[in-house]
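Values below: all heavy atoms of this structure, side chains included; hydrogens, waters and symmetry mates excluded.
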Amino acid sequence: MKAFKKFLLPVALVGVMAFVAACGNNNNDDDEPPVTDGGTVVQTPGDGSATGTTPDPVEPAGDPLAAMNATLALYPQEHRNNDPILQRGEAGNIIRIGVPSESPMAGLLGSTVIGTTAIDTNMALLSGSSWSIFSSNEGRAWGNTGIARHTVNPAGMYIDITLVRDDVLWHDGVQLTLDDLVFAYEVIAHPDYPQTLGIRWTAPVQAVRGIHEFRAGEADHISGLVLSEDKMNLRIYFDDLPPTHTHFGAWSTPMPRHHFEGVAVADMPDSPQMRQNVIGWGPFYVYNIVPGEAVHMRAFDDFFDGAPLLDGVTKEIISTNMIPEAMANGHFDTIFGGFPLSQYPYYNHLTNITFLGSLMGNYTFFGFRLGLFDFDNSTNVTHPQNDPNKPITDVNFRRAMAYAIDQDLINETIFSGFRFAATSVITPFHPMYLDASLPGFPFDPDRANQLLDEAGFEWLPGEEFRRNQAGDPFTLIFAFNEGGDNHIIAQVVMQDWADVGIDVQLLDGRMQEFVSMTDLLQGDNDNGEVDIYFGAWVPGFNPNPAGRWGPHSQSNRTRFVHPDITRVFENLDSPQAWDADFRLANYHELQYLINYHVPMILNNWRIDLVPVNNRLSWQVTGVSDDVNRWGAQFPWHQVGVTRSAPYVH
């Protein structure tokens, strides 16, 4: 079957290239722990240390950090053009940014407090509606070079925050204060917040003192938020204060009270403030939105760090596979969201753009739907294990499905070697916590077949697929969103599973539209029909994945909860986590336990290539404190263009 897939993948990709060529003028003619199947689960004492027996031997996957860093070193992380830049008012002083997506943007642009997608975040980014008040440092934690400073008192269980700029304005001219951060907490803590499918009710937010009383209607304010009279200082008291709170775990993105006040929380997702009359505090303000398609921005001359060099920015949704030709033809100046790597070998010779390398925190995975979300109690409830009529509840069945996937073939063939088989939910973006010794699930169909046989999933002579443990035929339903090369990945993975006797079919027989699939899974609206889903996370700067995989996270769409994993999450949210050894031991144990129980099959880690038209004066993809001065992660107001039109290949 591997030989067939090696044939199938290039043929499918050639089809994609033919489609791209047919849609534009092609100028190429000139040239997202070691797993033990039979060994003993590691036992962990209450002090957070990890001891136990050695799991079944597996060949290590190698050093993912070394492999990724070696690839990243081949590409610059900064572009500069020192030619004179256009002045404000000159023709062509507007840049166009493409945002890759096969789906329209959802349009929740006014605040990331309300559940949003990476597409919406990219569309709204330069408006500042999604920005933290803190800079980020090289350790991926809150820095002290942004518009706010902070000090932490672990013994007193509080963080003091001070706004050091009194000239930061929302786009309607109203001053930003820390009362806007208090308002964000009040919205997240509102009892109607779950109706918005909001995902910010995370463990660090729930640890704010008095927030549960506010949510229950027993208090009219959150007692742990103590605001100064001038609204420039805020002390946040916590019931527990681990270090991850300052790795952007505690919420630090303000929401303009004056703009949203009076709008019922349940109505916020569809409000004009969220979808049409969007304001932020960034260098560009939104003046026109084409629903689902585009966002037009103009320079905000009252931006606190200086008026932008550009007159404006236009962002447009574009089909992923159309990006290379669009960049070659000068249609866009850069891309927010990644270059389709399957096409890189066909476009790596372009002379009008520079490819920057970017180490991403993103990872992809195939999640198992193992329970339901209890909306009344904001908690995940896992189905009973080893249900003979529901194969995915058997951990060895899940392990077998993981061993059956040839991840390396997908990464090498589709992603041109810029993706790497993921072995942990902690990614190389946080190398200080990643356990690089974890082997993950290297491609081993023989091991997959052995596990399935031993677990009682019979494969009878003459039958195409196996039977479940109750002796009945079964089919697993797979939800996979459309976009980029996803349809090729889906075909290959389902064939891998078929090769070990597991019948997997796409939900409704087709790829799903991204936004509707997200709503389906987030709200448990699939009525238990979906067994597996394809997902991706952009974890950001906080290494603690509780917001994605924790027991109370609605974003944990696997709905898997286990007491050992919950205990480790609690350890990481405890005062003991200020001890570096304790913290590291628990991060390593967390990775082991998640890999052991396999609530999801990790797919890949990634390096992205960011194409930049050479007329841009500056762009950086690296992470450093002097660049990440606020939530923008890059000072776009200091970017200009050196000619009136993008270079064309």
Side-chain angles (χ1 to χ4, degrees), residues 108 111-116 183-225 238-240 249-251 255 260 263-271 274 367-385 387 390 392-393 479 515-531 533 535 544-567 569-570 573 599-600:
L108 298 175
S111 174
T112 51
V113 167
I114 302 300
T116 188
F183 181 67
Y185 276 92
E186 290 173 354
V187 171
I188 296 169
H190 195 278
D192 289 339
Y193 183 68
Q195 297 178 29
T196 71
L197 295 184
I199 59 175
R200 311 305 180 188
W201 181 245
T202 58
V205 171
Q206 294 176 46
V208 173
R209 193 169 300 170
I211 203 164
H212 292 279
E213 290 79 2
F214 178 84
R215 189 179 184 88
E218 298 168 2
D220 60 3
H221 69 286
I222 301 171
S223 62
L225 302 178
F238 295 89
D239 292 326
D240 55 67
W251 190 251
M255 185 175 186
F260 280 93
V263 179
V265 169
D267 296 335
M268 283 182 178
D270 294 320
S271 67
M274 187 64 64
F368 293 101
R369 295 283 280 174
L370 296 168
L372 296 169
F373 192 75
D374 181 344
F375 287 89
D376 292 332
N377 297 296
S378 295
T379 190
N380 291 292
V381 179
T382 304
H383 294 319
Q385 300 300 293
D387 180 344
K390 197 168 183 62
I392 63 171
T393 63
V515 175
S516 61
M517 177 177 144
T518 299
D519 291 343
L520 182 80
L521 300 175
Q522 188 84 354
D524 284 351
N525 297 318
D526 60 327
N527 297 316
E529 182 181 2
V530 174
D531 296 291
Y533 68 98
N544 188 340
R548 295 168 293 283
W549 304 115
H552 301 290
S553 172
Q554 193 175 343
S555 295
N556 178 4
R557 296 166 195 154
T558 69
R559 309 305 183 212
F560 182 78
V561 177
H562 190 279
D564 286 344
I565 295 175
T566 298
R567 172 182 47 77
F569 278 134
E570 290 171 349
D573 276 337
M600 82 294 289

Item to check | With sequence neighbours excluded, residues passing side-chain hydrogen bond (donor to acceptor under 3.5 Å, both in side chains) with Glu529 | outcome: none
Only distances under 3.5 Å count here; give the side-chain donor-acceptor pairs of residues 207-215 to other protein atoms, sequence neighbours excluded, each with its distance to 0.1 Å.
| unit_1 | atom_1 | unit_2 | atom_2 | d |
| --- | --- | --- | --- | --- |
| Arg209 | NH2 | Phe238 | O | 3.1 |
| His212 | NE2 | Gln206 | O | 3.1 |
| Arg215 | NH1 | Ile188 | O | 3.3 |

Checklist outcome for this item: By side-chain hydrogen bond (donor to acceptor under 3.5 Å, both in side chains), Thr566 pairs with (sequence neighbours left out) none
Checklist outcome for this item: Contacts of Asp387 meeting salt bridge (Lys or Arg N to Asp or Glu O under 4.0 Å) (sequence neighbours excluded), chain-then-number -> none
Next on the checklist: According to side-chain contact (heavy atoms from CB on, under 4.5 Å), who are the partners of Asp519, at least two apart in sequence or on a separate chain?
Outcome noted: Leu197, Val515
Checklist entry - What residues, two or more places apart in sequence or in another chain, satisfy ring pair (Phe, Tyr, Trp, His ring centres under 6.0 Å) together with Phe260? => result none
Item to check | Residues that Tyr533 engages under ring pair (Phe, Tyr, Trp, His ring centres under 6.0 Å), provided they are two or more places apart | outcome: Phe365
Checklist entry - Who passes side-chain contact (heavy atoms from CB on, under 4.5 Å) against Thr202, sequence neighbours left out? => result Pro204, Val205
Checklist entry - Under the side-chain hydrogen bond (donor to acceptor under 3.5 Å, both in side chains) test, which residues partner Glu570, sequence neighbours left out? => result none
Next on the checklist: Restricting to side-chain contact (heavy atoms from CB on, under 4.5 Å), what partner residues turn up for Asn377, sequence neighbours left out?
Outcome noted: Asp374, Thr379
Next on the checklist: Which residue is it: Thr558, Asp526, Asp531? I am looking for the one with a side-chain hydrogen bond (donor to acceptor under 3.5 Å, both in side chains) to Arg369.
Outcome noted: Asp526
Next on the checklist: Can you list everything that forms a side-chain contact (heavy atoms from CB on, under 4.5 Å) with Ala546? Sequence neighbours excluded, please.
Outcome noted: Asn544, Phe569
Next on the checklist: Asn527: which residues meet the side-chain hydrogen bond (donor to acceptor under 3.5 Å, both in side chains) condition with it, sequence neighbours left out?
Outcome noted: none
